Amino acid sequence: IFSLNPCVIPRRVLELGAGRYSTPFFRSLPDLEYLWTIETDAEWFKRCQDDDPRHTLILTDHAADHLPLLAAFDLVFVDDGSTEDERQIS
């Protein structure tokens with residue numbers, strides 16, 4: 001994710017679609033202030049639940065209905081797909 005610019009490490013992340021690798025990666029960032037994940041698939045929502053107080057995980061039918069002000073984030077990461085195969089690619 002950060003191979004494009006390793007000097008920029010985000011502290012405020014919006015993730016559209018929970019990821020098997022991206023969500024845990026973002027939670028592992030030592031300087032993370034908050035991670036908002038908006039998910040439309042109930043199974044992925046269950047897989048990505050955690051007790052990290054910095055992580056807000058939202059399950060919705062329409063991600064666009066829950067988009068916060070984008071200026072509040074250093075990074076907006078789209079990790080979305082309708083099947084497990086599509087999600088593993090991203």
Side-chain angles (χ1 to χ4, degrees):
I1 294 172
F2 297 109
S3 62
L4 296 175
N5 189 349
C7 296
V8 177
I9 305 297
R11 291 186 275 163
R12 296 168 298 274
V13 178
L14 172 61
E15 181 183 37
L16 302 177
R20 177 175 294 166
Y21 303 105
S22 59
T23 304
F25 172 77
F26 290 131
R27 287 193 323 249
S28 76
L29 295 174
D31 295 330
L32 182 73
E33 292 177 17
Y34 53 85
L35 167 63
W36 272 44
T37 303
I38 301 175
E39 180 55 59
T40 57
D41 183 285
E43 286 301 314
W44 278 97
F45 178 83
K46 289 178 194 174
R47 289 182 188 188
C48 294
Q49 289 181 322
D50 60 69
D51 59 356
D52 188 333
R54 304 168 304 164
H55 187 203
T56 300
L57 181 59
I58 299 167
L59 178 63
T60 181
D61 289 332
H62 303 285
D65 293 344
H66 295 278
L67 287 178
L69 180 64
L70 298 181
F73 298 92
D74 302 316
L75 175 69
V76 176
F77 186 78
V78 179
D79 188 7
D80 195 18
S82 58
T83 67
E84 185 164 341
D85 289 339
E86 288 176 354
R87 287 174 181 263
Q88 287 181 359
I89 292 169
S90 62

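Since the model is a prediction, treat every value here as computed from it, not as a measurement.
Residue Ala18 comes nearest to Glu39 through the heavy atom pair N-OE1, 2.6 Å, listed as atom of the first residue, atom of the second, then distance. When every heavy atom of Ala72 is checked against every heavy atom of Tyr34, the shortest pair comes out as O-OH, 2.7 Å.
A distance of 11.5 Å separates CG in Asp65 from OG1 in Thr40, rounded to the nearest 0.5 Å.
Cluster annotation: Leu69 is not connected to Leu16 through the hydrophobic network of ILVMFWY side chains, with a link wherever side-chain heavy atoms come within less than 4.5 Å. With hydrophobic clusters built from ILVMFWY side chains whose heavy atoms lie under 4.5 angstrom apart, Leu35 shares a cluster with Leu29. Criterion: ILVMFWY side-chain heavy atoms under 4.5 Å apart, direct or through other members. Under it, Phe45 and Trp36 are not part of a common hydrophobic cluster.
Looking only at distances, no side-chain donor or acceptor of Arg12 sits under 3.5 Å from a matching main-chain atom of Glu33. For the pair Asp31 (side chain) and Arg11 (backbone), a donor-acceptor distance under 3.5 Å is absent.
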Notebook entry, point to check: Between Leu57 and Leu59, is a side-chain contact (heavy atoms from CB on, under 4.5 Å) present by the stated rule, with each step listed?
Noted result: CA-CA 7 Å; Leu57 181 59; Leu59 178 63; over 6 Å; no
Item checked: Pair Leu14-Ile38, side-chain contact (heavy atoms from CB on, under 4.5 Å): steps then yes or no -> CA-CA 8 Å; Leu14 172 61; Ile38 301 175; 4.0 Å; yes
Notebook entry, point to check: Phe26 and Thr37: side-chain contact (heavy atoms from CB on, under 4.5 Å), yes or no, with the steps?
Noted result: CA-CA 10 Å; Phe26 290 131; Thr37 303; over 6 Å; no
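When side chains are defined from C-beta on, Phe73 does not count as touching Pro10, because their heavy atoms never get closer than 4.5 Å. Annotation: side chain of Thr23 is in contact with side chain of His55 (closest heavy-atom distance under 4.5 Å).
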